[in-house]
Asks: 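My questions all concern the structure below.
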Amino acid sequence: MTRPLRLRFAPSPTGKLHIGGARTALFNWAYARRYGGRFVLRIEDTDPERSTKEHERAILEGLAWLGLDWDEGPDVGGPHAPYHQMQRIGRHKEYAADLLARGIAYRCFCTRERLEELARAQEAAREKSAYDGRCRDLAAEEAARRATAGESFTLRFRVQPGTTRFADRVRGDMSFDNKEVEDWVMVRSDGNPTYNFVVVCDDVDMQISHVFRGEEHLVNTPKQVLLYQAFGQEPPVFGHLPLMLGTDKKKLSKRTGDTALQDYRDRGFPRRAILNFLCLQGWALDGQTEIFGVEEFVQHFDIADVGKAGSIFDIEKFLWLSGEYIRREAPEELAENCLPFLVARGLTSEAGLRARWSWFLEVVGAERERIRTYGELADRAAYLFAPDAAVAYHDDALAAARKHAQRLETLRDYLEWLRPRVAGGVDSAAVRDATKAWVADRGLKMPALFQPLRCALTGLAGGPDLFDAMRWLGAPVVLRRLEIALERLA
RNA sequence: GGCCCCAUCGUCUAGCCCGGCCUAGGACACCAGGUUUUCAUCCUGGCGACAGGGGUUCAAAUCCCCUUGGGGUCACCA
């Protein structure tokens with residue numbers, strides 16, 4: 001067990017980077033970083049039907065964005081290149097030929113039709129579904145003859161009776177009765193090897209020492225261990241991570257929420273918040289500290305400390321954590337981070353924002369405690385960019401405004417009172433004090449003015465100081481929105 | 001259904017491996033109160049769990065067994 005520490009993350013480019021995959025990558029990466037190992041990225045593109053270059057690019061980009069850098073991989077190369085599984089097919093075929101020659105693998109001429117029928121029959125008889133071994137004992141010469149004659153065949157692994165054991169650093173030592181492991185297909189009839197086969201070939205060639213992956217792979221592991229034994233290789237140390245679950249307690253899927261890392265980036269979760277939250281799925285620093293950086297994670301992470309039970313992906317806690325990170329950002333930094341989201345929303349242009357950067361900084365600084373993602377700033381600040389007649393009045397704001405029977409009269413009087421006082425621009429402090437006095441003089445309660453006023457100006461039920469908002473909007477806009485509100489709040 | 005995995009507050013978890021310090025700690029959410037022009041932030045307090053049953057032991061959340069519940073997997077996908 002003194003071989004060099006080498007870990008890998010091996011995504012298949014058949015879709016976006018799954019948030020659970022990101023956690024798997026993070027744990028492998030952290031382990032490698034903590035113990036001075038190498039972190040290898042390998043692309044499992046052996047499913048030509050579903051693999052695409054775009055997905056591959058997006059996955060690499062996503063990992064890089066998270067800061068999970070790899071020492072060897074498809075773009076950076078390395079001593080075990082190539083790092084695309086498809087390009088290693090020559091090696092896979094060598095391994096397969098070797099196993100066939102040694103009788104560890106055998107040709108199976110069963111057609112898909114027969115296999116389907118077999119599965120149906122087994123289900124009807126309520127037997128366990130597994131290959132029945134019809135071609136297992138075909139004479140080698142006959143099998144070779146039929147193959148030469150052009151009959152199509154797959155290569156199956158001949159599982160011998162016994163027990164297969166392996167070390168799992170998360171679950172403890174595992175053992176499976178080989179009776180439960182069927183003679184599985186190693187190489188398809190089109191000559192392409194299957195996942196369980198190539199993953200071992202590549203892990204052997206790349207000298208991978210530790211394999212940490214999702215629990216869904218647990219039952220594949222005996223097949224793979226058997227393969228290591230057939231190759232005369234020591235299997236890696238395994239660690240099967242608990243699954244990340246949806247609110248339905250099933251494996252996280254699109255049914256119950258966003259599953260792709262990209263979805264969370266698009267919503268404007270800060271990078272560090274995502275990383276932090278991922279750390280908390282199945283692992284805890286000390287049971288007390290919730291907020292910590294990836295540096296600290298690397299310093300303390302051990303695969304043995306990972307929990308066994310699956311965890312429900314709690315978006316509420318994620319949002320809270322995200323908000324914590326946002327509140328720790330300086331206005332300047334936060335403004336930069338929010339900018340693209342306002343632009344993406346079509347509220348303004350980057351140039352437009354930069355042209356009044358100090359104004360934007362003030363808005364961001366004031367809204368900071370109300371947003372949990374960068375994207376939420378776009379929701380909260382939309383009123384600042386909306387045409388005066390099209391400010392969205394939200395239901396709760398409208399309800400609050402309409403509570404006051406005298407709202408129109410109050411607003412009309414206030415508008416006329418306000419007009420001369422903002423003629424030279426809005427002085428927040430002065431208007432604020434004068435307005436409070438005005439409300440008191442009229443014997444009103446504060447909300448009687450503030451609620452309709454806030455609705456008129458922002459369309460929102462809550463927000464930063466109203467008089468700051470007035471200054472951001474500017475006197476002409478404020479007056480116009482009040483005039484319009486006289487009709488819209490009727 | 002077979003096989004496999006899992007089981008502490010609604011949720012994420014600490015404690016479990018090496019039984020006593022646990023009248024089970026923290027966080028999110030929720031509820032109440034305080035601050036505030038509102039919302040939010042912030043502060044204070046509250047609600048809230050060892051799935052059930054048997055053992056072992058002076059002592060069990062911690063060890064063992066069973067039951068129950070949940071999940072994963074049963075492809076010529078990965």
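To find a chain, count down the sequence lines: A is the first, B the second, and so on, and within it residues start at 1. Nothing here was measured: the structure is a model prediction, and the numbers come from that model. All heavy atoms count here, side chains included; hydrogens, waters and symmetry mates do not.
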Asks: Answer with yes or no whether A:R454 presents, from its side chain, a donor or acceptor under 3.5 Å of a partner atom in the base of B:rU38.
Replies: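 Indeed there is one.
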Asks: Does the B:rC5 base have a donor-acceptor partner in the side chain of A:K308 within less than 3.5 Å?
Replies: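 Donor-acceptor pair under 3.5 Å: no.
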Asks: Atom CG of A:N196 and atom P of B:rA78: how far apart are they, to the nearest Å?
Replies: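 Taking CG of A:N196 and P of B:rA78, I get 9 Å after rounding.
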Asks: Looking at A:R372, does any N or O in its side chain come under 4.0 Å of the phosphate oxygens OP1/OP2 on B:rA40?
Replies: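 So the side-chain polar atoms of A:R372 never come under 4.0 Å of the phosphate oxygens OP1 or OP2 of B:rA40.
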Asks: Counting only distance, no hydrogens or angles, is the base of B:rC5 paired donor-acceptor with the side chain of A:R171 under 3.5 Å?
Replies: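 It does not, because no donor-acceptor pair links the side chain of A:R171 to the base of B:rC5 below 3.5 Å.
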Asks: Determine, stepwise, if the pair A:H92 / A:N192 fulfils side-chain hydrogen bond (donor to acceptor under 3.5 Å, both in side chains).
Replies: CA-CA 9 Å; A:H92 306 146; A:N192 288 126; over 6 Å; no
Asks: Look at all strands and tell whether A:L466 reaches a base, only sugar-phosphate, or nothing, counting heavy atoms closer than 4.0 Å.
Replies: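 It contacts base atoms.
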Asks: Nearest of B:rG70, B:rA78, B:rG2 to any side-chain atom of A:D47?
Replies: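 My answer, after comparing the listed nucleotides, is B:rA78.
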Asks: Given B:rA78, B:rG72, B:rU13, identify the nucleotide with an atom nearest to the side chain of A:Q85.
Replies: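 Selected nucleotide (nearest to the side chain): B:rA78.
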Asks: Taking the side chain of A:D314 as heavy atoms from C-beta outward, which of B:rG71, B:rU11, B:rA27 is closest to it?
Replies: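 Out of B:rG71, B:rU11, B:rA27, the nucleotide with an atom closest to A:D314's side chain is B:rU11.
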Asks: Say you pick atom P in B:rG52 and the same atom in B:rA61; how far apart are they, in whole Å?
Replies: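 11 Å, rounded to whole Å.
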Asks: Counting only side-chain N and O atoms of A:T46, is one of them less than 4.0 Å from OP1 or OP2 of B:rA78?
Replies: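 For A:T46, the contact criterion (side-chain N or O under 4.0 Å from OP1 or OP2 of B:rA78) is met.
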Asks: Under 4.0 angstrom, heavy atoms only, what part of the nucleic acid is A:E324 near: base, sugar-phosphate, or nothing?
Replies: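 Answer is sugar-phosphate: A:E324 comes under 4.0 Å of backbone atoms only.
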Asks: Are A:W438 and A:Y414 an aromatic pair by the rule of ring centers under 6.0 Å?
Replies: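 Centroid separation for A:W438 and A:Y414: below 6.0 Å.
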Asks: Is the distance between the ring centroids of A:Y264 and A:F313 under 6.0 Å?
Replies: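 Ring-ring flag for A:F313/A:Y264: true, centres closer than 6.0 Å.
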Asks: For A:T289 and B:rA27, is the shortest distance between a side-chain N/O and OP1 or OP2 below 4.0 Å?
Replies: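 Answer no for this pair, as no side-chain N or O of A:T289 is under 4.0 Å from OP1 or OP2.
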Asks: Taking 4.0 Å as the cut-off, does a side-chain nitrogen or oxygen of A:K249 come that near to OP1 or OP2 on B:rU11?
Replies: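 Yes.
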Asks: When both hydrogen-bonding distances must be under 3.5 Å and the geometry is Watson-Crick or G-U wobble, what is B:rG69 paired with, if anything?
Replies: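 B:rG69 is paired with B:rC6.
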Asks: For A:K250 and B:rG72, give me the distance from atom NZ to atom P, rounded to whole Å.
Replies: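 So the NZ-P distance, A:K250 to B:rG72, works out to 6 Å.
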Asks: Considering every strand and a 4.0 Å limit on heavy-atom distances, what is the contact class for A:I291: base, sugar-phosphate, or nothing?
Replies: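 Touches nothing.
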Asks: Should B:rC47 form a Watson-Crick or G-U wobble pair with both distances under 3.5 Å, which nucleotide is its partner?
Replies: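 Across any shown strand, B:rC47 pairs with none.
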Asks: Base, sugar-phosphate or nothing for A:K251? Non-hydrogen atoms, less than 4.0 Å.
Replies: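 Touches sugar-phosphate only.
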Asks: Mind checking whether A:F450 and A:H404 have ring centres under 6.0 Å apart?
Replies: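 Judged by ring-centre distance (under 6.0 Å), A:F450 and A:H404 do not meet the cut-off.
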Asks: Got a second to check how far A:T164's OG1 is from A:Q229's CD, nearest 0.5 Å?
Replies: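 Answer rounded to 0.5 Å: 6.0 Å.
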Asks: Tell me which of A:P464 and A:R112 sits closer to the 5' end of RNA chain B, going by the nucleotide each one is nearest to.
Replies: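 Upstream on the strand: A:P464.
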Asks: Counting side-chain heavy atoms from C-beta on, which of B:rU41, B:rC4, B:rA29 comes nearest to A:L218?
Replies: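 Closest nucleotide to the A:L218 side chain: B:rC4.
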Asks: Within the stacking criterion (centroid distance below 5.5 Å, interplanar angle below 30°), does A:H217 stack on B:rA78?
Replies: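 Check passed, A:H217 stacks on base of B:rA78.
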Asks: Once you apply a heavy-atom cut-off of 4.0 Å, does A:T154 come out as touching a base, just sugar-phosphate, or nothing?
Replies: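 If one applies the 4.0 Å heavy-atom cut-off, A:T154 turns out to touch a base.
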Asks: Picking from B:rA14, B:rC76, B:rU73, which would you name as closest to the side chain of A:R156?
Replies: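 For A:R156, the side-chain atoms sit closest to B:rC76.
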Asks: Please work out if A:G172 contacts a base, only the sugar-phosphate, or nothing of the nucleic acid, heavy-atom cut-off 4.0 Å.
Replies: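 Here A:G172 touches no strand at all.
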Asks: Can you identify which nucleotide, out of B:rA78, B:rA29, B:rA7, has its nearest atom closest to the A:A309 side chain?
Replies: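 Of the options given, the side chain of A:A309 lies nearest B:rA7.
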Asks: Could you tell me whether A:N220 contacts a base, only the sugar-phosphate backbone, or nothing, with contacts defined as non-hydrogen atoms closer than 4.0 Å?
Replies: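 Base, at least one base heavy atom under 4.0 Å.
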Asks: Let me confirm one number: the CZ-OG1 distance from A:R213 to A:T221, rounded to the nearest 0.5 Å.
Replies: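 Reported to 0.5 Å precision, the distance equals 4.5 Å.
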Asks: Let's see if you can work this out: which of B:rA27, B:rA75, B:rA78 has an atom nearest to the side-chain heavy atoms of A:K317?
Replies: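 Of the options given, the side chain of A:K317 lies nearest B:rA27.
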Asks: State whether the distance check finds a donor on one side and an acceptor on the other, under 3.5 Å, for side chain A:T194 versus base B:rC76.
Replies: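 Side chain to base: no pair below 3.5 Å.
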Asks: Assess whether one donor atom and one acceptor atom, taken from the side chain of A:E290 and the base of B:rG26, lie less than 3.5 Å apart.
Replies: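 Such a pair is found, so the answer is yes.
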Asks: Any chance the rings of A:Y325 and A:F277 have centres within less than 6.0 Å?
Replies: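 No.
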Asks: Using the ring centroid of each side chain, check whether A:Y131 and A:W184 are separated by less than 6.0 Å.
Replies: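 When the ring centroids of A:Y131 and A:W184 are compared, they turn out to be at least 6.0 Å apart.
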Asks: Report which part of the nucleic acid A:M186 touches: base, sugar-phosphate, or nothing (heavy-atom distance under 4.0 Å, all strands).
Replies: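 The residue A:M186 makes no contact with any strand.
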Asks: Can you check the A:L334 CG to B:rU41 C1' distance for me, whole Å?
Replies: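 To the nearest whole Å, that distance equals 14 Å.
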Asks: C1' atom, B:rC47 versus B:rG10: distance in rounded Å?
Replies: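 So the two C1' atoms sit 12 Å from each other.
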Asks: Would you mind reading off the distance between A:E216 atom CD and B:rG71 atom P, rounded to a whole angstrom?
Replies: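 Roughly 16 Å, once rounded to whole Å.
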Asks: Out of B:rU13, B:rC12, B:rC39, which has the shortest distance to the side chain of A:A284?
Replies: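 So the nucleotide nearest the side chain must be B:rU13.
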Asks: So A:C279, base contact, sugar-phosphate only, or nothing? Heavy-atom distance under 4.0 Å.
Replies: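 Counting heavy atoms under 4.0 Å across all strands, no contact is made by A:C279.
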Asks: Can you check the A:F197 CZ to B:rA78 P distance for me, whole Å?
Replies: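 After rounding, the gap between these two atoms is 13 Å.
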Asks: Can you figure out which of B:rG10, B:rA78, B:rC39 approaches the side chain of A:R370 most closely?
Replies: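 Among the listed nucleotides, the one closest to the side chain of A:R370 is B:rC39.
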Asks: Here's a test of your reading of the structure: between A:V170 and A:M446, which maps to the more 5' nucleotide of RNA chain B?
Replies: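 Taking each residue's closest nucleotide, the earlier one in sequence belongs to A:V170.
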Asks: Is there a donor-acceptor contact under 3.5 Å linking the side chains of A:E44 and A:H84?
Replies: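 Absent: no donor and acceptor within the cut-off.
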Asks: Pick the P atom in B:rG20 and in B:rG25, then give their distance to the nearest Å.
Replies: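 B:rG20 and B:rG25 have their P atoms separated by 16 Å.
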Asks: Using Watson-Crick or G-U wobble geometry with both distances under 3.5 Å, which nucleotide pairs with B:rU56?
Replies: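 WC or wobble partner does not exist here.
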Asks: Scan A:F176 against the nucleic acid and name what it touches under 4.0 Å (heavy atoms): base, sugar-phosphate only, or nothing.
Replies: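 It contacts sugar-phosphate atoms only.
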Asks: Counting any heavy atom closer than 4.0 Å, what does A:S189 reach on the DNA or RNA strands: base, sugar-phosphate only, or nothing?
Replies: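 Contact class for A:S189: base.
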Asks: Among B:rC74, B:rA78, B:rC12, which is the nearest nucleotide to the side chain of A:I312?
Replies: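 It is B:rC12.
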Asks: Students often get this wrong, so: under 4.0 angstrom with heavy atoms, is A:E49 touching a base, only sugar-phosphate, or nothing?
Replies: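 Nothing, no nucleic acid heavy atom in range.
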